[in-house]
Amino acid sequence: MPEQISFPILTAIVFLPIIGALLVTLLSDRRPEWVKLCAILFSVGTGALSLWVLASFKSSNADFQFVSQHDWIKAWGISWHLGVDGISLFLVVLTGVLFPLVILGIDPHHDQKRYFAWLLLLEAGVMGSFLSLDLVLFFLFFEIVLVPMYFLIGGWGYDNRVYAATKFFLFTMFGSAFMLVGIVATAALARHDVGYLTFDLVTLAEHASFATNTGRWLFFSFAIAFAVKVPLFPFHTWLPDAHTQAPTGGSVILAGVMLKLGTYGFLRFGLYLFPEAAVWARPLFLTLATIGIVYGAIAATMQTDLKRLVAYSSVAHLGFIVLGIFAMTSQAITGSVAQMINHGVSTGALFLLVGMIYERRHTREISQLRGIQKVAPIFAAAFTVVMLSSIGVPGLNGFVGEFLVLIGSFQTARWWTIIATTGVILAALYLLWAYQRVFHGEPDEENSTFAELKLREGMVLMVFIGIIGFTGLYPKPMLERIEPSVDKLIEHVVSHSDFMPPAEIMPPAEIMPPEEMELEK
Amino acid sequence: MNLAVIEPTTSWYLVLAAVLFGIGTVGVMVRRNPLVMFMCIELMLNAVNLSFVALSASLSDINGQTAVFFVLVVAAAEVVVGLGIIVSIMRRRSDATADDLSVLKG
Amino acid sequence: MNALFAENLVGPSISWMGISPLLVLLGGVCVLLLLGSIAPRWPKGSYCLFTVVVSLATAMAAMLQWHDVTKNGPKMLIADAVALDHFALLATIAIAISIALVSLITDDYLRREDYDGPEVYALYLTAAIGGVVMASSNDLIVLFLGLETLSLSLYLLAASHRKRAESQEAGLKYFVLGGFSSAFFLYGIALTYGSTGSTNLSKIASALSGDSPFSQIDAMLLVGIGLMLVGLAFKVSAVPFHVWTPDVYEGAPSPVTAFMASAGKIASFAALLRVLVVAFPTRIDDWRPAIWVLAVLTLLAGSILAVVQTNVKRMLAFSSISHAGFLLVGVEAAGHVGDKDALAAVLTYLLLYAVLVIGSFAVVTVVAGKGDSHTTLDDFRGLGKRRPAMALALTVFLLAQAGMPATSGFIAKFGVIKAAAEVQSYSIAIIAMLAAVIAAFLYLRIMVSVWLADSTDDTKLAVPTGAGIAITLAAVFTIVVGVYPGWLLDATRMVSNLATIAVQAVDPATQTPAG
Amino acid sequence: MELFVFVCAAAMVLVGAVGVITRNNPVHAALSLVLTLFGIAVLFVANNAHFLAAVQVIVYAGAIVVLFLFVIMLLGVDQAEDLSTEPLTAQRPLALVVGIGVAGVIIAAIVKSQDALLVRGTGINSATPEDADANIRQLSRSIFSDYVFAFEVTSVLLLIAVVGTVVMSRRQRGQHVEESA
Amino acid sequence: MLENAWLIPALPLAGFIIIFLFGRRLGEPRAGVLATLMTAGSFVVTVGVFFALLSRASEDRHHVVTLFTWLPVGSLHIDMAILIDPLSVTMALFITGIGALIHLYAIGYMHGDPKFSKFFLYLNLFIFSMLMLVLGENLLVTFLGWEGVGACSYFLISFWHTRDSAATAGKKAFVTNRVGDWGVMIAMFMAFSAVGTLSYSGINEAAESGQLAAVTATGIALMLFIGACGKSAQLPLYLWLPDAMEGPTPVSALIHAATMVTSGVFLMTRMNPVLHVSYHWVMTIIAVVGAATALFAATVAVAQTDIKKVLAYSTVSQLGFMFLAIGSGAYVAAIFHMVTHAFFKALLFLGSGAVIHGMHHQQDMRKMGALRKVMPITAMTFIVGWLAIAGVPPFAGFWSKDEILLYVYANNRGLYLVGVVTALLTAYYMTRQVIMVFYGEARWHDQSEEHGAHGDATPHESPWIMLAPLVVLSGLAIGGGLLQLPFSSKTHFLEHWLEPVIESGERNIDGTWASDNKYLLLLVAVVIACLGIAGAIAVYAKKKAPALEPAILANGWMYDSSVSRFMGGPGRAAFSGVARFDAGVVDGAVNGVARVVGSTSNALRKVQTGFVRFYAAILGLGVVVLLAWFLLRGVL
């Protein structure tokens with residue numbers, strides 16, 4: 001049973017940024033420091049709430065927690081249904097942490113009032129997407145994030161920003177077009193099984209059963225939206241443009257949390273609602289994910305723009321996540337969820353760093369940069385740590401998710417995994433090559449005045465690096481909160497399809513850890 | 001066949017009306033003077049009226065004729081309005097054809 | 001009927017209450033014209049105020065009827081010529097709201113363009129009468145008269161800005177093509193009458209059901225339906241009968257365009273639904289595919305054509321075509337007997353779209369400036385800097401038109417898509433959504449001009465009071481409905497199945513005595 | 001007899017109609033329209049619509065066409081329209097296709113359904129010497145019972161016509177110079 | 001004591017953290033001293049652990065210290081745990097021991113470098129990672145160290161990153177290692193899906209109990225071998241090691257001689273039960289690859305002129321020897337050689353470092369000569385190392401090499417021949433090096449002008465802080481053979497010590513011809529070593545014969561350059577092809593759709609001609625089509 005608590009904390013998490021956005025809008029332009037203070041207060045407040053959720057989250061509980069459910073559009077069976085489980089918990093926390101950092105750490109340079117307002121609105125949208133347990137509510141937030149992002153890219157981006165923003169907007173909307181029809185069709189078709197029209201995720205997933213082909217069509221209508229958002233090959237081309245043109249804050253958020261809407265959607269809506277179809281479609285998505293991993297990495301290698309390179313690396317990293325999701329083993333999906341967080345942190349930090357390079361040098365062209373490590377060793381060190389995390393060096397957070405995804409996927413998707421693992425090599429190739437060209441060598445005249453990390457920047461980066469290190473070395477608290485929900489999801493998939501998870505191979509008894517013994521009983 | 005015995009049936013009228021309607025349609029498309037275009041529309045309305053009356057007779061139902069009555073009223077009102085618009089345009093440029101009024105396009 | 005010698009004619013009982021919205025409107029017209037001619041110079045803004053009051057009174061009257069209908073059920077009035085049901089009343093309310101909002105914009109516009117006077121308002125009200133008649137008609141002749149009432153008013157309104165050649169051209173084009181299409185519509189009525197023996201929608205429906213002799217005459221009936229469809233498709237500007245729309249929308253005075261796109265559309269779609277759903281439920285298999293094709297063409301052409309436009313009014317015209325496509329999706333869904341959700345969805349869409357489009361055109365009106373001619377994308381550049389609040393409102397309207405959630409546009413689209421999905425018309429639903437994606441490009445283009453492009457002149461625009469109120473109201477409404485649409489949906493859900501009412505009406509056993 | 005009437009009237013109608021669309025001079029076109037209207041009126045009579053025939057002549061031929069002619073004279077737009085050329089290529093063939101298409105489709109439908117239309121009922125009261133206003137009475141009964149609402153609506157139409165003339169003819173400030181020139 | 005084993009990696013880690021936080025404040029030489037102390041402390045702890053372990057019965061010498069649960073997901077349960085057993089302690093001993101010496105040496109070597117403290121930061125991190133590698137209780141902890149040393153070697157090789165060659169070499173090392181890591185990861189996946197655990201004891205027990213199918217074992221073994229090839233610089237992945245000489249010399253000594261490169265050998269030894277149950281040809285492959293690498297690198301080393309490149313190729317060659325041993329089932333011999341090699345190769349590298357230091361960063365042997373006069377201690381220790389590697393008894397290298405050859409002979413005589421030739425070449429090129437550097441005439445005088453700024457251009461002896469490690473190491477290089485003397489089974493100290501770990505995989509050659517005639521083979525080895533030395537003296541000292549140094553050997557059989565050319569040519573073309581495909585086809589499709597919509601719009605737009613008559617015609621056409629549909633429905 002989902003437990004009800006008195007204070008609707010999740011609702012507060014969604015609404016606090018909206019209120020913040022309104023307040024920021026209403027504040028006068030003449031007092032910029034107030035505007036910024038307001039934005040910081042509200043984002044930090046939201047972040048604090050999300051941390052509170054993390055703190056009071058019951059780790060062994062696989063159900064949705066902090067559920068708040070009210071009728072919203074009763075006529076259509078749409079409810080305000082929020083809840084958090086292991087799959088969404090850390091995404092919420094990541095969102096809560098990332099936004100204050102972006103607001104604190106990155107200066108928009110102009111129109112800061114509007115910038116902060118959009119950013120706060122974006123936060124609300126992202127939070128809402130991760131928390132919604134109602135299909136329409138999810139769609140609402142899923143779509144609404146486009147608007148602030150569009151304006152952030154279009155208003156504070158670089159030369160080709162309008163093109164990129166429009167492409168981003170339309171491409172994503174293209175995907176959601178199918179999803180909306182899918183959502184409505186799902187509810188309409190499930191009306192017979194459920195007995196009434198409802199868009200409630202849990203109700204639909206537990207009670208509705210679709211004819212095989214129907215389920216598959218519906219699944220695909222959702223899958224297109226998520227595939228675009230992820231983005232999965234070949235729907236990825238909006239991403240490099242959007243990332244490259246977005247302002248640093250936008251890139252950080254885009255990479256950090258927004259891309260996860262797609263992978264999260266696959267888990268929460270694809271697998272949960274249409275287990276049979278998802279199992280049926282496994283080969284396709286495993287293949288696309290694998291292509292994405294290798295392809296994104298290869299494309300990244302050849303980029304001349306640093307931001308574009310990181311963007312393509314996201315394509316590859318997100319491929320790992322999708323691979324894990326469709327491998328459908330406990331390790332793989334847990335790894336995917338962990339990877340969502342870790343990619344958010346490490347790629348977010350990478351974008352932050354690239355943004356700092358741009359601030360200083362006003363170029364992102366790799367060929368224009370050289371020898372920065374000599375003039376800014378601390379900056380280079382920070383970049384190195386983040387880069388290694390992105391490469392997936394064990395002991396840093398990037399490895400945890402990647403490894404779990406791969407080891408889990410190997411159980412059910414052997415050959416895909418073997419190919420996907422080559423992405424590990426390629427990741428080292430493109431990042432190190434870029435690093436070499438940007439940081440190594442003797443700095444030329446323009447680069448020799450490259451400023452060292454400022455205190456404010458350093459503090460923001462310290463948070464990132466702290467998370468990178470902690471999660472890499474001690475991911476247990478995270479994994480043990482994610483796993484119960486993942487296991488429950490897999491159980492759901494198994495019981496609603498002919499999917500057979502790999503037989504649990506028990507290590508020889510004497511070295512079996514005690515927790516596992518209990519599980520087996 | 002004795003021509004005197006043949007009585008025009010309803011469909012004769014209807015066919016005639018259809019032809020008249022077709023002529024009116026063609027007229028709207030080929031005439032450039034807005035006034036004449038408007039006359040062609042009147043032709044079309046008359047074709048409809050003829051159909052109404054013929055069908056009314058065929059159905060033994062007076063309502064068809066009633067409809068014609070209303071059409072006449074509508075036609076009258078339409079003429080007033082239409083001519084009003086045409087006049088207000090033509091007062092500016094009296095040689096304006098419908099083709100000249102094509103500023104709005106694309 | 002055959003009482004040949006019944007000299008003392010007994011007219012049908014007339015339910016004055018039932019047609020009270022019409023009476024209010026008519027009274028409003030008369031007062032406006034009479035007083036307008038008696039006292040030529042009313043104080044500034046009072047024509048507008050009066051019209052707003054009249055429209056609100058109309059809405060109130062409709063509300064009163066609404067409760068009555070809720071209590072006593074729908075009924076047919078005045079010899080079954082007029083239907084008093086939720087469908088009609090909702091359309092009435094929507095039209096009344098449209099007039100109120102449009103009047104607010106018109107006020108300053110008329111003074112700015114220097115032809116203030118009661119006539120334009122009177123024409124709004126007469127057009128509204130036509131619209132209400134169309135929406136509530138249960139007889140093809142009545143419907144036709146309503147259509148003409150509406151159309152004639154609109155022709156005049158379109159041409160009313162006599163200093164602008166575009167306005168006159170728009171008026172003439174609209175008039176010629178409108179007359180042309182009316183002829184088709186009328187011909188359709190004639191043929192339908194010939195094949196069913198009646199012009200009354202209920203009677204047509206019952207004549208076509210069962211084994212009445214009329215069910216033989218199929219070809220003529222179907223061609224009749226087709227011709228009527230042409231007339232209505234013209235009014236709702238469905239492709240390929242949309243050709244007039246961009247030119248007329250562009251040329252007509254901006255407030256009038258808003259009126260055409262709102263009240264005009266509401267009435268036309270209501271009429272379309274009435275005709276198809278009430279009269280021809282037995283011929284669904286024939287007209288549904290036609291509507292399907294029209295809907296698809298309208299969606300695609302409307303969206304695609306908008307892409308390369310540079311005049312905002314023209315863009316919005318194409319967008320309104322695209323929206324018509326969406327509405328046709330709802331009409332297509334309504335083709336399924338017994339699905340009242342589709343009717344409710346279409347009406348809701350109409351109401352919400354009306355507010356949106358008026359809001360958008362209100363901004364256009366303000367930006368257009370004296371002469372009503374600054375309506376290109378370039379004229380919108382830097383609006384975000386010059387008038388941030390208004391730019392924000394415009395953004396809300398545009399996003400809503402694009403179907404962004406948390407705005408009324410989403411609720412509208414969702415309802416239609418839901419209706420389509422419930423009758424398993426998935427393909428058209430998907431096409432509609434994809435068309436919406438294409439159409440979104442045009443809204444984005446406007447937003448780019450408004451926010452992301454540099455301003456050419458930094459002079460603050462003056463936002464007149466009326467337009468300001470209208471924009472604010474529309475924006476608030478858009479957001480409120482988007483976030484909390486429950487009340488509206490509960491209301492529109494009361495719309496019952498038109499076909500059922502029609503059958504009840506001709507069945508004396510179930511007919512409620514009028515008056 | 002009836003055939004003769006029909007043929008003659010049909011000839012009037014069609015000749016007039018063709019005249020409308022082919023006469024260069026708008027005045028001639030208007031006069032051709034009168035011919036058609038008279039033909040229609042005759043056909044009305046043939047279908048027992050005596051009252052409508054009268055109204056047709058009075059309102060249409062009398063009032064409407066006169067209005068047309070009046071406008072033509074008023075505006076002095078009676079110069080001939082050159083119909084020998086067509087600026088819009090393909091417009092004429094297109095018009096022909098449409099005209100023939102529309103008429104053809106409707107005729108086809110009528111032919112298909114003609115069996116049901118063969119019967120000519122006797123329900124319509126014609127104006128006879130004995131009861132000269134039978135048709136009028138019957139018509140008025142229809143208008144004032146079944147169509148009373150429609151009848152009322154026509155009043156609004158006429159109101160619009162009035163307002164319309166006001167709107168369209170009212171001189172606007174600032175327009176004097178331009179127009180008097 | 002065993003419970004405190006966590007201190008072994010913890011101390012270098014602590015050193016890393018302290019230097020990370022306060023490195024700049026510590027400065028030179030305190031950062032170096034601290035790092036050295038930490039490593040030395042770690043060595044002390046290791047020695048304590050060693051004795052604690054020694055005090056246990058042989059079958060009890062297995063202790064796991066679990067620090068915390070690392071990755072617990074479902075049936076996958078990975079602890080951050082340390083495994084203390086003879087193998088890991090052996091590894092830890094020489095890692096920390098030699099590591100401490102190299103740290104000490106580096107204090108002197110890096111004197112004056114602006115990034116002095118950073119160097120020790122990396123060194124400590126490296127030691128930590130290496131210890132995690134060898135002490136890991138499971139494959140994943142080992143992998144943590146495995147990747148850690150990879151990353152550290154990247155940092156250290158590209159330490160002087162303003163030099164482009166250094167930066168490139170670092171990157172190359174990392175990426176090449178990653179290719180191997182791919183194999184290790186796949187091996188882990190296979191092991192987990194077959195056994196359900198990644199812990200060594202779990203996997204090895206499964207292998208021993210027959211639970212692990214031969215085919216799976218083969219897969220795991222091959223994949224691990226790929227990893228080992230990467231880390232231990234075997235063909236075809238050896239590429240990075242010669243380039244890695246761009247790093248400071250202590251790095252070469254530490255990473256490329258003593259520790260990191262041996263981790264492949266360690267891993268294969270650790271997994272010997274799995275190798276044992278896999279198909280037989282796996283061992284053959286390992287042996288062949290090892291032999292081929294050994295011979296290949298030896299031939300290349302003959303023609304090198306860079307003092308460190310010779311040592312680098314020699315390292316590759318010696319590692320080949322170790323893999324030859326493993327492929328022959330001689331794990332003890334492999335470990336033995338690894339240890340002795342660590343001694344003498346570290347010695348040689350440090351010695352060469354001293355030379356380079358003394359020569360003001362001159363690495364070209366052709367510009368050296370007669371250095372024994374100016375740097376006698378360095379020369380002495382270097383000569384000890386030379387004798388050890390050349391296989392001259394009783395130096396350490398002789399015993400271990402002989403042990404390997406013994407097993408190889410028992411296993412495959414063809415490979416034995418390769419081994420013998422390699423040994424000959426080893427003796428030859430090392431002698432060549434010693435002659436070129438320390439004997440003959442001094443060729444460095446003519447360089448003095450270039451070093452005018454330096455003041456004193458004469459090569460100088462290194463400070464005591466650099467020499468002390470040399471002395472200690474030369475002692476070890478001399479006496480290292482004591483670990484495992486072939487004379488009787490009682491002198492097989494190392495074998496007895498390692499027995500619990502390797503008993504299932506170790507090949508028993510008792511009773512073979514080789515075993516019976518081991519003294520004969522010993523004699524052959526001595527003769528070979530002498531031949532090699534004599535040959536080199538004849539060529540380079542006595543100039544009796546022309547030096548045979550063809551360019552193809554100097555260029556490493558063109559292998560590196562052809563790989564580079566392939567990567568730069570077709571490889572790069574393929575990559576940029578993908579990038580172009582992405583921009584052109586995938587993105588082009590998206591933009592193409594937009595363009596199609598746009599041009600459709602432009603085309604359709606022409607329909608809106610503005611002529612009302614034309615509009616009427618469109619309308620009419622629409623009517624005709626619509627009516628035709630309805631008519632058809634009505635007629636049919």
Side-chain angles (χ1 to χ4, degrees), chain C residues 169 172-177 179-181 184 187-188 191 195 217-227 229-231 233-234 238-248 250-251 283 285-287 289-290 293-294 297 300-309 314 317-318 437-438 441-442, chain E residues 71-74 571-636:
Chain C
E169 179 183 329
L172 187 79
K173 278 181 173 170
Y174 195 15
F175 172 71
V176 169
L177 293 173
F180 192 57
S181 75
F184 285 109
Y187 207 164
L191 293 183
S195 342
I217 317 170
D218 234 21
M220 201 162 96
L221 172 72
L222 288 175
V223 170
I225 296 176
L227 284 166
L229 210 52
V230 170
F234 174 87
V239 175
F241 309 107
H242 70 289
V243 273
W244 60 277
T245 317
D247 291 6
V248 173
E250 188 186 340
R283 295 297 186 274
D285 292 341
D286 301 309
W287 60 259
V293 173
L294 284 180
L297 285 177
L300 293 180
S303 317
I304 291 175
L305 268 166
V307 167
V308 289
Q309 299 299 331
R314 207 171 174 80
F318 282 113
V437 176
I438 301 174
F441 178 67
L442 109 106
Chain E
L71 284 176
V73 179
R572 200 191 164 104
F575 272 37
S576 64
V578 168
R580 268 204 305 279
F581 172 81
D582 192 63
V585 179
V586 182
D587 199 27
V590 176
N591 290 331
V593 169
R595 218 168 296 129
V596 165
V597 170
S599 52
T600 315
S601 182
N602 267 322
L604 280 180
R605 189 178 172 173
K606 303 213 171 76
V607 174
Q608 301 283 146
T609 53
F611 297 114
V612 68
R613 299 188 296 134
F614 185 69
Y615 290 174
I618 294 174
L619 237 150
L621 274 183
V623 174
V624 173
V625 173
L626 192 70
L627 290 189
W629 156 258
F630 278 101
L631 181 70
L632 278 179
R633 296 285 303 181
V635 172
L636 301 178

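These numbers come from a predicted model, not from an experiment. Order of the sequence lines sets the chain letters (A, B, ...), proteins ahead of strands, with each chain counted from 1. No hydrogens, no waters, no symmetry mates; every other heavy atom, side chains included, goes into these values.
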Residue, of [options], that accumulates the most heavy atom pairs under 4.5 Å with chain E:
options: G224(C), A301(C), P289(C); result: P289(C)
options: V223(C), L305(C), I304(C), D286(C); result: D286(C)
options: V239(C), L297(C), V307(C), L294(C); result: V307(C)
options: L172(C), D285(C), I438(C), I225(C); result: D285(C)

Query raised in the report: Within the side chain of R633(E), is there an N or O that forms a donor-acceptor pair under 3.5 Å with the backbone of L222(C)?
Result: no
Taking side chain as everything from C-beta outward and backbone as N, CA, C, O, which of these in [X] sits under 4.5 Å from a heavy atom of chain E? Side chain, backbone, both or neither.
X: F234(C); answer: side chain
X: P240(C); answer: both
X: L227(C); answer: both
X: V176(C); answer: side chain
X: D247(C); answer: side chain

Query raised in the report: Can you say whether L626(E) sits under 4.5 Å from chain C via the side chain, the backbone, both, or neither, judging by heavy atoms?
Result: side chain
Query raised in the report: How far apart are the C-alpha atoms of T609(E) and Y615(E), what are their side-chain angles, what is the distance that settles it, and do they pass the side chain to side chain contact (heavy atoms under 4.5 Å, CB included) test?
Result: CA-CA 8 Å; T609(E) 53; Y615(E) 290 174; 4.1 Å; yes
Euclidean distance, [Y] [atom2] relative to [X] [atom1], rounded to 0.5 Å:
X: R605(E); Y: R314(C); atom1: CZ; atom2: CZ; answer: 7.5 Å
X: L627(E); Y: F184(C); atom1: CG; atom2: CZ; answer: 8.0 Å
X: H242(C); Y: Q608(E); atom1: NE2; atom2: CD; answer: 4.5 Å
X: F241(C); Y: L177(C); atom1: CZ; atom2: CG; answer: 12.0 Å

Query - V597(E) and F441(C): CA distance, side-chain angles, deciding distance, side chain to side chain contact (heavy atoms under 4.5 Å, CB included) verdict - result: CA-CA 11 Å; V597(E) 170; F441(C) 178 67; over 6 Å; no
Requested in this report: Could you pull out the closest heavy-atom pair between A616(E) and F180(C), with the gap in Å?
Outcome: O-CE2, 3.6 Å
Report summary line: In terms of heavy-atom pairs under 4.5 Å with chain C, the winner among V623(E), L631(E), L632(E), V612(E) is V623(E)
Requested in this report: Could you check which of I618(E), L619(E), T600(E), V607(E) has the highest count of heavy-atom pairs closer than 4.5 Å to chain C?
Outcome: L619(E)
